[in-house]
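Written below as structure tokens is the structure these notes are about.
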Amino acid sequence: MKCSYFAAGALAAIMTFAAPVPVKAQAGGERVDLTYAADQMLSSVVYIKVTTKSKVQTMEYSSPFDDFFSDFFGRGNSGRQQRQVQVPPRRGAGSGVVLTADGYIVTNNHVVEDADEIEVKTNDNHEYRARIIGCDRQSDLAVIKIEATGLRPAKVGSSDQLKVGEWVLAIGNPYGLTSTVTAGIVSAKARGLVPGAVESFIQTDAAINPGNSGGALVNVRGELVGINAMLYSQTGSFAGYGFAIPTTIVKKVVDDLKKYGTVQRAVLGLTGVDVETYLETQRERENEVDLGTLTGVYVQEVLSAGAVADVLQVGDVVTALNGTKVTKMAELSEQLVKYNPGDKVSLTYIRDKKERTVQVTLRNAQGTTSQVQDFGIDELGAALRPLTATEKRELNLSSGLVVTALRNGKMQEAGVTKGIIITKINDREMKTLDDFEQAVRDANMSTDRVLWIRAKTPSGINRSFTIELSGDTKNKEAKK
């Protein structure tokens with residue numbers, strides 16, 4: 001499977017451990033023995049092979065001749081046509097870290113999210129079929145499960161206690177070279193690579209290459225402190241720095257995926273930027289600004305439905321969360337990951353050069369304090385399939401999903417019946433089951449959590465349905 005690249009290349013690793021350690025101190029140039037750490041973690045890192053089967057996809061294309069004659073004769077289709085394209089099967093590989101003796105494994109989302117088949121090979125060469133328990137694109141983490149017993153789980157350490165300059169190992173399967181160990185130091189912590197994104201990476205100069213994704217970043221005590229996720233490279237190969245997701249984030253995401261099927265994210269309801277970045281921008285504009293601090297998170301926007309709507313204002317600087325100092329946005333994101341919607345936390349901020357501390361109740365992305373449940377085809381209670389070419393021709397439709405079966409669930413409650421053809425959900429065209437699942441995921445993370453469904457009966461009558469993804473309200477069919 002292709003790995004996503006940052007600046008032309010990306011991959012990664014992460015996860016668990018704790019024990020007494022026969023490791024020499026790192027003072028005075030004294031040699032550090034990393035064999036203990038490697039021995040403790042090697043049996044907990046697995047090789048993951050994924051296969052995406054050949055699929056038929058509908059693609060739009062246009063002919064320049066069609067465009068010319070359409071415009072000339074006043075036809076308005078602009079030459080847009082559709083055709084079916086057979087996408088060849090794809091294969092890829094990555095790494096994973098064993099979390100439990102009975103087969104729960106953490107890896108990167110980008111390793112497994114599109115896979116039709118997942119095979120896991122352990123360090124002792126046993127092979128297993130795996131299934132996905134849950135995926136989270138935002139953190140790039142996923143949990144998979146194999147039916148096995150007696151596996152050696154990694155021991156999860158604290159990435160909070162990791163220090164810049166500390167020795168670490170990256171363990172994974174780069175280029176299919178299984179059980180590969182590389183060493184380096186922690187180059188930086190709380191590294192944010194995409195402005196505005198919720199992320200906080202451990203930066204290391206331990207060599208990370210394609211295939212290391214989902215592998216372990218390990219401290220000298222043999223504890224999992226991160227999941228390797230990406231490399232920084234102009235070529236797609238290691239060129240100095242790699243990035244791992246810290247265990248503070250991993251533990252929360254894994255627990256939520258196992259329990260809820262989705263991540264319960266607590267948010268403050270603000271957008272911000274590092275104070276350092278803000279001050280640099282103002283200096284470039286020749287503006288002299290004194291915020292009363294040189295570090296923290298400068299508040300650029302306060303959302304009306306957020307937890308801090310009545311507390312913060314633009315120009316404030318957040319400096320601590322629950323007593324833990326935050327010097328930049330990535331650190332604030334990492335601290336927030338530890339909490340659930342509904343949790344009460346103390347927030348320290350600076351306004352007019354004066355420090356203040358208030359208590360706020362964290363909310364979810366929808367602006368409420370309730371837990372978010374993951375909804376998919378199974379939870380909605382419908383079996384779907386794409387229209388065949390013959391059905392498209394007979395019904396004069398370019399795409400659609402046919403409801404082939406229903407059971408008790410939200411779609412049945414909304415009035416959806418067997419045989420109905422779903423053409424759009426929230427203005428997204430329904431061409432494949434992936435389109436349906438993505439529309440549900442997007443709605444699940446939106447503020448209103450509603451599916452607006454446009455459909456047709458087999459006889460061609462338009463129908464529309466509204467499905468709320470929260471609460472027990474039974475929705476009625478609305479006819480157009």
Side-chain angles (χ1 to χ4, degrees), residues 138-139 158-166 186-203 243 246 248-249 252 265-369 447:
Q138 196 167 344
S139 64
S158 172
S159 55
D160 279 346
Q161 297 178 10
L162 201 61
K163 296 180 179 180
V164 173
E166 185 173 335
V186 175
S187 305
K189 292 183 64 180
R191 182 71 79 192
L193 300 180
V194 181
V198 180
E199 58 184 22
S200 179
F201 290 108
I202 300 168
Q203 180 179 321
F243 299 89
T248 50
I249 293 176
K252 174 66 161 58
R265 278 196 173 83
V267 297
L268 286 170
L270 62 83
T271 59
V273 65
D274 299 351
V275 164
E276 182 182 3
T277 302
Y278 173 76
L279 293 176
E280 286 179 359
T281 302
Q282 294 304 309
R283 281 194 291 269
E284 289 173 359
R285 297 173 181 173
E286 298 183 350
N287 294 330
E288 290 297 325
V289 178
D290 184 2
L291 299 173
T293 179
L294 298 177
T295 62
V297 176
Y298 179 84
V299 178
Q300 295 176 305
E301 180 184 10
V302 179
L303 305 182
S304 59
V308 295
D310 299 324
V311 176
L312 296 183
Q313 62 187 38
V314 174
D316 290 344
V317 177
V318 177
T319 57
L321 186 72
N322 250 10
T324 300
K325 184 178 179 180
V326 294
T327 64
K328 50 188 175 181
M329 192 67 190
E331 289 179 351
L332 180 59
S333 297
E334 187 173 347
Q335 290 304 314
L336 277 171
V337 147
K338 300 176 181 179
Y339 302 100
N340 287 325
D343 288 348
K344 296 181 184 298
V345 298
S346 63
L347 184 73
T348 303
Y349 65 98
I350 293 175
R351 179 184 296 170
D352 299 328
K353 300 183 187 179
K354 295 180 181 178
E355 185 175 271
R356 313 179 187 198
T357 299
V358 295
Q359 188 177 71
V360 297
T361 301
L362 298 173
R363 302 182 186 181
N364 57 31
Q366 291 77 41
T368 71
T369 58
T447 54

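Keep in mind that this is a model prediction, so the values were computed, not measured.
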Quiz prompt | Pairwise side-chain contact, V345 with V360, heavy-atom cut-off 4.5 Å (strictly under) | solution = yes
Could you tell me whether a side-chain N or O of E166 sits under 3.5 Å from a main-chain N or O of K163, the two making a donor and an acceptor? yes
When rounded to the nearest 0.5 Å, the distance separating CG of L336 from CG of L362 is 6.5 Å
Would you mind reporting whether E334 and P246 have side-chain heavy atoms less than 4.5 Å apart? yes
Taking every heavy atom of D316 against every heavy atom of L312, the minimum-distance pair comes out as OD2-CA, 3.4 Å
> Is T348 close to E355 at the side-chain level, that is, under 4.5 Å between some pair of heavy atoms?
Replying inline: yes
In this structure, CG of L347 is separated from CG of L268 (nearest 0.5 Å) by 6.0 Å
- Query: Is T281 reaching over with its side chain to a backbone N or O of T277, donor-acceptor style, under 3.5 angstrom?
  - Reply: yes
Between the CG atom in L303 and the OG1 atom in T271, the distance rounded to the nearest 0.5 Å is 6.5 Å
For S304 and A309 the tightest heavy-atom approach is O-CB, 3.4 Å
Distance col, row T319:OG1 vs I350:CD1, nearest 0.5 angstrom, shows 5.0 Å
Which pairs would a plain distance check flag for residues 287-296, meaning a side-chain donor or acceptor within less than 3.5 Å of a matching protein atom at least two apart in sequence or in another chain?
unit_1	atom_1	unit_2	atom_2	d
N287	ND2	Q282	OE1	3.0
D290	OD1	G292	N	3.0
D290	OD2	K353	NZ	2.8
T293	OG1	T295	N	3.2
T293	OG1	T295	O	2.9

Shortest non-hydrogen pair, Q335 vs L321, comes out as CB-CD2, 3.9 Å
To the nearest 0.5 Å, atom OH of Y278 lies from atom CD of Q300 at 9.0 Å
Check your understanding: Is the shortest heavy-atom distance from the side chain of V317 to the side chain of V297 under 4.5 Å?
Key -> no
Heavy-atom closest pair (A188 atom, V164 atom, distance to 0.1 Å) is CA-CG2, 4.1 Å
Residues at least two apart in sequence or cross-chain that pass ring pair (Phe, Tyr, Trp, His ring centres under 6.0 Å) with Y349, listed by chain then number, are none
Note: A330 and A190 closest approach over all heavy atoms is CB-O, 3.1 Å
Is a side-chain donor or acceptor of K189 paired with a backbone partner of D160 at a separation under 3.5 angstrom?
yes
So NZ of K328 and CG of D274: to nearest 0.5 Å the spacing works out to 7.0 Å
Take atom CG of D310 as the centre, draw a 6.0 Å sphere, and report whether it contains more than 12 heavy atoms from other residues, nucleotides or ligands.
no
Donor-acceptor contact below 3.5 Å, side chain S159 vs main chain T248:
yes
Inset, instruction - Determine, step by step, whether N364 and T369 satisfy the side chain to side chain contact (heavy atoms under 4.5 Å, CB included) criterion, reporting the C-alpha distance in whole Å, the side-chain angles of both residues, the deciding distance to 0.1 Å, and the verdict. - result: CA-CA 6 Å; N364 57 31; T369 58; over 6 Å; no
Taking everything shown except E276 itself, do over 12 heavy atoms lie less than 6.0 Å from its CD? no
Heavy-atom nearest pair, K252 first then Y339, reads CE-O, 3.5 Å
Does the side chain of Q359 pick up a donor-acceptor pair with the side chain of S346 at under 3.5 Å? no
Item checked: R363 side chain vs A305 backbone, donor-acceptor pair below 3.5 Å -> yes
| said: Under 3.5 Å, is there a donor on one side chain and an acceptor on the other for N322 and K338? | reply: no
